[in-house]
Each structure stands twice: as structure tokens, then as C-alpha cells.
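By convention in this document, chain letters (A, B, ...) are assigned in the order of the sequence lines, proteins followed by strands, and residues within each chain are numbered from 1.
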Amino acid sequence: MTGGGLILVVEDSEEDTEAIQRALSRSHPFLDLEFAPRSEDVLPRLLDPAARTPDLVLLDLNMPGIGGLALLSSLRAHPACASLTVVVFTSSTASAEEDSCYAAGADSYIYKPVNFELFQTVLRGAVDFWLPRAADGAVTAVPPAAPPA
Amino acid sequence: MVDDDTWSGALHRLWQAASRAEEVGALADDVYAPLLATPGVHLVVGTRWDEDATLRYMRALGADGDAPVIVATARSMPGAAVREPDGEPVVTRSPVDELDDAVWPEAEFLRQVPGASVVGCTFRLDRSGWAGLSVAMDASADTEGVARRLAQAVDVIVACHTGILQRGREARRGADDALLAEASLQMDSSLDVEDTLRRVARIAVPAVADGCLVHLLRKDGPEFVAATHVAVQQQRALEEAGRDDPWLAALLAQRDDGDQALFLSGAALDGSPFAGPGPTGGGRHPTVVSVSTLHARGRVVGSITFVYQRPEDRLPDSAFLDSLATRAALAIDNALLYELRRHAVLSLQEHLLPSQLPAAAGWDLSASYEVGDPMLDVGGDFYDAVPRPDGSIALLIGDVCGRGAEAAALTGLARHTLRTLLEEGTDPGTALSRLNRALRQEGASRFLTAVVVTMTPRADGTVLLTTCSAGHPRPLVLRADGSIGEVVSGGLLLGILDDVSYESHEDSLAPGDTLVLFTDGLTESREADGTYFESVLPGRLSALRGSDAAQVADSLARQARAFRASGQDDIALLVARWNGITPSDGLLPLETWLEQAALR
């Protein structure tokens, strides 16, 4: 933990997981990343009172098993997850899918490009928007605590 | 405790870390740890400042190994302006108790080391901001040695930051190029103007900006097409602004020239839907808006408006926006051309076909026309149904070889020639011969096929079919019992030889029988394995036993379309079902009925 906020990344593809890790470790070195490769594990993880609440959830829409859309709907059905910021990633530009994502409760619907540099720019744009202070190392202003003498 | 060799090693590690970092803050651990390991040093505090003496960030780390304390803020501290370095880094030495909090916000941390002396160094990071690095140490520390190390660390940080900026610019150029390539790819995949613009808006957010609005410029002003925003709530607000906001409408309407993107911020956005903070409140950067005008076909066709809520150094430059706008305009240009052409093709096609088929007692007539691909230009299929003076009805269907304006002209000539002759009572064979002559006289360079069938009800309730064909696929008859018959016919294509006569063949329809005329787009539809629809047509037609004419025509056209894996030929179908004389019709003598039919 580096104290800079936590992003939970729901992504099954190892390749995309690696790309997200590489991109965010460059643009937001203070952020903690947690990866959930199986959508079935996400809800129990978020409802676990002992686990740290993420500041942002990045959700790949094309998940095997429980699809991204179904997962999003079930998250929103739980009061504990109602206010979580969820950014949905998709490789589609179809507007019908966008509408269903918003109906299911997505805060952002982002097109996932193939090119890594562009993907990094897109990720940075989304994270900077939702966690504007994350690049500086803090998600929100932290009151000064007594430093060690 | 570190000796000088260890310090050199730490500087080396700092360089290595710097070569990987994308943000100078990521170097913090590699800077703070060796400074804290210097004898007598108890606390290190870093600060980041904006140009106007706004404190953005503080990070304090003690020697005891606890996690750093991080303060992210936007605190305006005019008093600190005196610390802003002009050129070279500035080193300050002071007892901690003499630090003024209005100038030294980090004093609140440094004071935690009682009686400490402080060495601070402020240095410029880039044009938009500066930073400070301060240490609190006890009396045992070598003040000058610590100051030297601080200055060395700062030198490395500044050099690293310059390198980071450079790499960032290169990465951004790479991302810009990728975005332009992606945008072109996306836009080229659609020939619909609005869809093209929607795709631009979708892929540009949040890579280029946080929000995007696209408009087309119509005669009566800008017309909203689409809006996207990284946050759904703001997307809805943008959509509303895009549709109704008078400020935005006025701005877009007056952007009728100029190739360069227009940037607006601060007071220039007063009264606009973009003024005021976003719904997420604190920490947000001031809103900046850019408007790029789209030029296509020699005029302004629309605009792309980007909304930014990000640091100034992350705004795209004009050259990039202009390049994106040029590509979007090009895609729109293509889409507009396609639209114009499609419209022309469809309206021409419409005029080559009858607007409606005649109604006649006992008959159920229907037709279907499927345009294979409007992009390939107007097709050459035609059909018609013509009432004749003797009460019979003539059906005609034909196919001009090829597509385009010339094919369309011949299609019109063929249909109207046949129609006029048949309407006057000319028999099918003579009508085809005269059309052939007309084509030869016109010097037509294309051939065409056609078939004409006259359908004459007889006293026994059946219908006499008289068929002449000029190289056209043979019509089929779906008998009331589901069996399929072929109407025998054959003759030379039209437009090849000067004098051609056409033989007529007779057949008959019983009540409940259906005559099906079609063009070769139907029979030559092919499956992926090469099978022609012709081979399955009898079976498919038989399965439509009992259907009315419209069902037969529509169903066969639909089935052929679903069947074909390749081929984009048009499909024309003309279907006549003979229901026979109903009891009410049948009460009349045939001659009377025929007279009435002729009058109709």
C-alpha cells in the first residue's frame, strides 16, 4: 500500500491486465492496483468488511461467466456498492451497448483501443477525471498527521 | 548512516528510477530515503507549487520508517511567492523556529523536530510550477554537507523531470498518432454522416478531452448530433447543452471560417453551459473548451467541441485538433457523397418501377424489388403489370445487363415501350420484336432479357397464359396442390440482332394457381458452397402453397437474401395469383365481366 488510492480492475485477459498495470504504474505510481480476473469473485470481495474499499472500479465488459453488465447490475443492487465509481471498458463503439451500461449504473463508458500508448492515454484520462489528485499521490486531501520527531 | 560512497550509489539509483518514471513524484522514495540516512537528518518534506504560489502538494517522511504523510491541496499562499526560484535552485538555511508559516507551510512538519535547523532548497520544475525540498536536522548534522546533498538531489530531480517531460511529449505524440489512426479507421467503417461523428465523439473521450460535442451545420443553424463525456451525468448535461443552449448555438453559428481550433477559458466561458465547477467539485481543473470547424465539399459542414477539465499541460495542441478535424471532415465528405448517390439511385430506381400494380377482380398481384447494393448504382431490373383492352392483364419483367445511368436509361425505355404496346393490345411477341427494333435503332450497347405473359380469364374459370420470352429465366407456376410447373418459353436476348421474332407459348392457370416471374438475381443467389438458389427454388416455392401473392413475393426475396453468401445483384419478383371468379363475380356473364375489366 502506498496511500494513493486503490483501483480494483475486473479483467480476465492476462494481456490486458499487464497493459493496465504497466500503463497505470507509469502514469499513477502512487495508486494501488488490485486485479480480479473472475467476475464471480468481485461482489464477495466488495462486500467483505475487512477488505479495503476501492476508490475506483475498472470493469471490462467482456468477462466470461457473469458478464460485465450483469456484474454491474448486481453491484448496484447492493447499497454498499451503490456509490462506487465504476468505469466500464469496452472494445465496441455500438451505442446500444453504451445505453445498457448507463442503465445498469456505469459512471463512465470508455472505448478500449488496441494501441498501448493510446490505451494508456485513455486510462490516464479516466483515472485523472475520477481521482483528480491521484497523480500527486493522494486521492483526497489527507489531514496532516504528526510526523515523527 | 551513509558515507559518501553510499550517497553516490543512492544518486545512481535515483537516475535509474528516473529513467523509468513518468511522474517526478514517483522518485520520492529514492530521494527521501538516502537524505534521511544522512547523519543528523530527522525529517524530509517535499512541496509542489503552481506558478501563482498555490501549494498543490506536501509529502513528509520521518526517519522512523512510518508511511509518508501526504497532503494534496490547492492552498493559495501569496506569502510564499518570495521563495519562488527564478533560475538556479535557491538554498535556504534557518532555525526551524524562525520559519514563517505564511511562507513555509512545511514548517508544521519540520517543527516536529524540536530545535532543529532547516536546510531548504527551492527549484523550478518547469514553466508551470516549482518545488521545494527541506530537511530538519539536529546539531550533530554537517549543515554544509547536507546542503550539498540536497543540491545534488535537486539537480538530479530537475534533470529527471526534464527527461520525463521529454518522454511524456514523445509518448503523447505516439498516442496522438494512434488516436488519429484509430479515428480514421473508425470513421471509415461507416458511411453514415451522423454515425461517423458519433464515433469521433466516442473515441476522443477521454483520450483527447473529458467531453465532446459534435454538430452538423444545417441551413437553419447547427444541429446537435452527439455528445460524450467521461462522466455519465455530465454527458446528459452536455447532450442538453448541445441541443438547446443558445450560447453554444451562437458560438457554433459564427464559426463559419478559420481552420484553427478556437480555445476558450475563464471569462470567455461566462454565460456558457461550461461555466462553473463540475459536479464532482474539489480538485477539478478550470474548464477549457475548444471548437474545431469541419470543412467538407468546400463549405463548413459541422463542428467538434471538446470540453477539458484537466491540467493545462494535458490539453491537445491546435495542430493535433486540426488534424483530427480534417480527418473527420474527410470521412463526412465521403459519407455525404454516399448519401447523395444513394438518394439519387433510390429515387431513380423508384421511377423505373410502377408506383402500384393494377387491381383486377379475381387477381391478386404483388411485386418485390430488392436493391442489391445502392452503392453499385441504379440497377437494371424492371417489371410492370398492364391492363389490356380485352380485359386480360399483361405481366412483364426484364433485366438490363449492367448498372449505372446507361442501364437505367435502357430500363426506362424498355419498360415504357412494352407497357405502351401491351396497353394498346399488341400481342407479347410483337411487343418484344418492336422493343428489339427500338433498341437497335437507339444503338444501345447493352443487351437485355425480358418475358411478357398475357393472362386472359376463360369461361371455364381458368386463365390462358400466353408467354413470350427474350432470353429471360422461365416463369414458374405454383399450382394449388403445391406442385411446381415451368412456363415453357425461349427466345433471343433483346438488342443483339436487328430482326428477331418471338414465339409464343400457351399454358393455363386454374383457380388457386400462382404465376411467379423473377429476374436472375433470385436464381443466381449463391450459398458459400456455390449452390444456386435456383436449385432450391421449386421446393421453397412449393412450401408457400396457399399464400397470397404478397407473401410469395416477399418470402422468396427474403429467403434468397438470407441464402446468398455472395453476389449483390438486384432481385425483382412479380407474382400473380388467380383466385378465380368468386360467386359474386361469377353471377355476371363472362363477356360482361370482361367489359367491366376493360373499363377498369
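Side-chain contact between Ile203(B) and Pro113(A) is absent, with no heavy-atom pair separated by less than 4.5 Å. At least one side-chain heavy atom of His229(B) sits less than 4.5 Å from a side-chain heavy atom of Phe129(A). The shortest distance between side-chain heavy atoms of Glu182(B) and Asn115(A) does not fall below 4.5 Å. The shortest distance between side-chain heavy atoms of Ser108(A) and Val232(B) does not fall below 4.5 Å.
Ala175(B) approaches Thr121(A) most closely through the heavy-atom pair CB-OG1, 3.1 Å. Here the closest heavy-atom approach between residue Asp210(B) and residue Gly125(A) is recorded as OD1-O, 4.4 Å. Contact between Ala207(B) and Leu118(A) at its shortest, heavy atoms only, is CB-CD1, 4.0 Å.
Counting heavy-atom pairs closer than 4.5 Å to chain A, the top-ranked of the candidates Ala181(B), Pro206(B), Ala178(B), Ala116(B) is Pro206(B). Between chain A and the options Ala74(B), Ala136(B), Gly174(B), heavy-atom pairs under 4.5 Å are most frequent for Gly174(B).
For Arg236(B), the part lying under 4.5 angstrom from a heavy atom of chain A is the side chain only. Neither the backbone nor the side chain of Ala67(B) has a heavy atom closer than 4.5 Å to any heavy atom of chain A. Interface remark: Arg111(B) contributes no atoms to any contact with chain A (heavy atom separation under 4.5 Å).
The number of heavy atoms from other shown groups lying within 6.0 Å of CD (Glu240(B)) does not exceed 12. In Gln16(B), the CD atom is crowded: over 12 heavy atoms of neighbouring residues, nucleotides or ligands sit closer than 6.0 Å.
Side chains of Gln235(B) and Tyr109(A): a donor-acceptor N/O pair is absent below 3.5 angstrom, by distance only.
Shown here are the side chain to side chain donor-acceptor pair (under 3.5 Å) partners of Gln166(B), two or more places apart in sequence or in another chain: Arg169(B), Glu170(B). Under the ring pair (Phe, Tyr, Trp, His ring centres under 6.0 Å) criterion, Tyr32(B) pairs with no residue at all, not counting sequence neighbours.
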